[in-house]
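Just below is one structure, and these are the notes that go with it.
Scope of the values below: all heavy atoms of this structure, side chains included, with no hydrogens, waters or symmetry mates. Each chain gets a letter, A, B and so on, in the order the sequences are listed, and its residues count up from 1. No experiment lies behind these values; they were computed from the predicted model shown.
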Protein chains: 2
Amino acid sequence: MDRTDRKILAELQKDGRLSVTELAERVGLSLSPCHRRVRALEESGVLLGYRAQLNPGALGLNFSAMVFVTLREGDRRAVEAFETALIDIPQVVDAQRLFGEPDYLLQVITQDLSAFQRLYDESLSTLPNVQRLTSTLVMKQVIQNRLLPL
Amino acid sequence: MDRTDRKILAELQKDGRLSVTELAERVGLSLSPCHRRVRALEESGVLLGYRAQLNPGALGLNFSAMVFVTLREGDRRAVEAFETALIDIPQVVDAQRLFGEPDYLLQVITQDLSAFQRLYDESLSTLPNVQRLTSTLVMKQVIQNRLLPL
DNA sequence: AATGAAATGATAGCATT
DNA sequence: AATGCTATCATTTCATT
């Protein structure tokens, strides 16, 4: 991982569909070595893949909420059961386990408030080992999935 | 936006570098109409772009924290000043403004605890109009930037 | 480890149904 | 709106420095 690799990653973060030809020019390398480096970054697990970025609003997904979850005291199994069930809810687009309270922080995206209500009642409330659920509406996505600082 | 457009978006969310040739096969269309649809989705703002997904750990970014921010009472200017300053901190990879307390929820990524400490003291604490800052360490990223539910 | 060249494959525009 | 065709451009492999 040298300076050139970082340049490659920075460019591909900005435009994941850059042609290797164009990428090579931007990082100041000729085609083949640039190509080899991209492959190497993919193989080594630094470059996990490429994804299209969609506009949730344009797809009718206009509602977002943060959900705070505290679990009941339990063993490793309780945690695993909760996480496994969580992963099956596609509207949960981000989830992190924290140190301390709350135990989890979820970001949920739905079409509208009523879809969220249903999701809350039918899927979130019934997740295993939950002691406490709180949710707050997102007013504005100020920064969304920013490029990693290289 | 019909069923075929949704299929196209689903495929491109999974693999943003799919060739139009391969994409056309997967969605059951021939090359040219598939190509036209992708362009149309880009122009219409549904498809915002394409990005490489990086592995933060493999890049030495092993530390993550959630930061809860409450602002002092203030006018629109205060909010704008805060958000403008926030956007200049590259380690803040996600930020949402909420309804109610806290006002903002930030996700911050740094190399390690000491880098976070510096960031906290030098950049986060000095953001304008902040009344209260609380932070919690992320133990595990359970779900990371999941594909949108189509 | 980078370069250049050459075969294979993808893209994008256009004419047709 | 979808298809098929074609010229242009990109990718990928291999031989060379």
Query raised in the report: Does B/Asn129 reach the main-chain N or O of B/Ala78 with its side chain, forming a donor-acceptor pair under 3.5 Å?
Result: yes
Query raised in the report: Which parts of nucleotides 6-17 of chain C does protein reach within less than 4.0 Å, heavy atoms only, written one letter per nucleotide 5' to 3' as B for base, S for sugar-phosphate only and - for none?
Result: ----SBBB----
Report task. Round to a whole Å and report the spacing from CE of B/Met1 to P of D/dA1. Result -> 14 Å
Query raised in the report: Between C/dA2 atom P and A/Leu29 atom CG, what is the distance in whole Å?
Result: 6 Å
**Report entry** Sequence neighbours excluded - side chain to side chain donor-acceptor pair (under 3.5 Å) pairs with any residue from residues 14-24 of chain B
**Finding:** B/Glu22-B/Arg26
Report task. Specify the separation, in whole Å, of atom CG of A/Leu23 and atom P of D/dT12. Result -> 12 Å
Query raised in the report: Does B/Thr70 have any side-chain contact (heavy atoms from CB on, under 4.5 Å) partners at least two apart in sequence or in another chain, and if so, which?
Result: B/Glu101, B/Pro102, B/Asp103, B/Gln131, B/Arg132
Query raised in the report: How close or far is atom C1' of C/dA2 from atom CG of A/Asp5, stated in whole angstroms?
Result: 14 Å
**Report entry** Partner residues of B/Asn55 under the side-chain contact (heavy atoms from CB on, under 4.5 Å) criterion, sequence neighbours left out
**Finding:** A/Leu48, B/Ala58
**Report entry** Pairing residues for A/Asp2 by the side chain to side chain donor-acceptor pair (under 3.5 Å) criterion, not counting sequence neighbours
**Finding:** A/Arg37
Query raised in the report: At under 4.0 Å, does any side-chain N or O of A/Arg36 touch on OP1 or OP2 of C/dA2?
Result: yes
Query raised in the report: Transitive ILVMFWY cluster of B/Leu31 at side-chain heavy atoms under 4.5 Å: who else is in it?
Result: B/Val20
